[in-house]
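First the structure, in the form of structure tokens, and then the observations on it.
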Amino acid sequence: MPHVKPSRWDELAAEPEFRALVRSRRRFVIPATVFFIAYYLALPISVGWAPQVMSRPVLGPLTLAYCFALSQFAMAWLLLAIYLRRSRSFDVAAARIRRQETHELIDSQR
């Protein structure tokens with residue numbers, strides 16, 4: 001498979017399809033990352049600001065803080081599943097761009 005020459009990368013990065021792919025991925029990744037960090041930091045912040053609330057038992061000796069901490073595992077897996085599902089469209093778009101670029105390279109070599 002032909003490789004893209006380093007001099008062609010700037011042109012490729014300026015292509016509308018490539019820029020749309022980068023924008024689409026960024027529109028998903030940045031909010032997901034902000035959500036993940038906020039959710040992760042909510043536990044230590046809430047334990048520091050409201051220890052009485054977070055130390056309330058929910059189920060036997062299991063406190064609200066422990067439930068929240070355990071929910072972070074579920075949230076991380078859910079976010080992973082959502083990203084994997086969404087990344088399929090990113091992969092399809094990247095493959096389309098790659099196919100178009102390699103066809104252009106092959107045509108220019110003829």
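In this chain, residues are counted from 1 in sequence order. Quantities reported herein were computed from a predicted structural model and do not represent experimental measurements.
A distance of 14.5 Å separates OG of Ser71 from OH of Tyr66, quoted to the nearest 0.5 Å. Taking CG of Leu12 as the reference point, atom CD of Glu17 lies at 9.5 Å (rounded to 0.5 Å). Between Arg99 atom CZ and Arg96 atom CZ the span is 7.5 Å, to the nearest 0.5 Å. In this structure, CZ on Arg86 lies 4.5 Å from OG on Ser24, to the nearest 0.5 angstrom.
Hydrophobic clustering of Ile, Leu, Val, Met, Phe, Trp and Tyr side chains at less than 4.5 Å, counting indirect connections, keeps Leu78 apart from Leu70. Linking Ile, Leu, Val, Met, Phe, Trp and Tyr whenever their side-chain heavy atoms come within less than 4.5 Å leaves Ile82 and Trp77 in two separate clusters. Note on Phe36: it clusters hydrophobically with Phe68, by side-chain heavy-atom contacts below 4.5 Å among ILVMFWY residues. A continuous path of hydrophobic side-chain contacts links Phe90 to Val22 [ILVMFWY only; heavy atoms under 4.5 Å]. The hydrophobic clustering, which links ILVMFWY residues whose side-chain heavy atoms are closer than 4.5 Å, places Ile37 and Ile45 together.
Put simply, the side chain of Leu62 reaches to within 4.5 Å of the side chain of Cys67, judged on heavy atoms. Residues Leu43 and Met54 form a side-chain contact, since some pair of their non-hydrogen atoms from C-beta on lies under 4.5 Å apart. Side-chain contact between Tyr83 and Val29 is present, with heavy atoms from C-beta onward closer than 4.5 Å. Side-chain contact between Val58 and Thr63: absent, with no pair of heavy atoms (C-beta onward) separated by less than 4.5 Å. Met75 is listed as a side-chain neighbour of Phe35, based on a closest heavy-atom distance under 4.5 Å.
Summarising the geometry of Leu79 relative to Ala32, their closest heavy-atom pair is CD2-O, 3.8 Å, with the distance given to 0.1 Å. When all heavy atoms of Leu21 and Ala93 are compared, the closest pair comes out as CD1-CB, 3.8 Å. The shortest heavy-atom contact between Gly60 and Pro57 is O-CB, 3.4 Å.
Atom OH of Tyr39 sits in a crowded spot, with more than 12 heavy atoms from other residues, nucleotides or ligands closer than 6.0 Å. No more than 12 heavy-atom neighbours from other residues, nucleotides or ligands sit within 6.0 angstrom of CG on Leu59.
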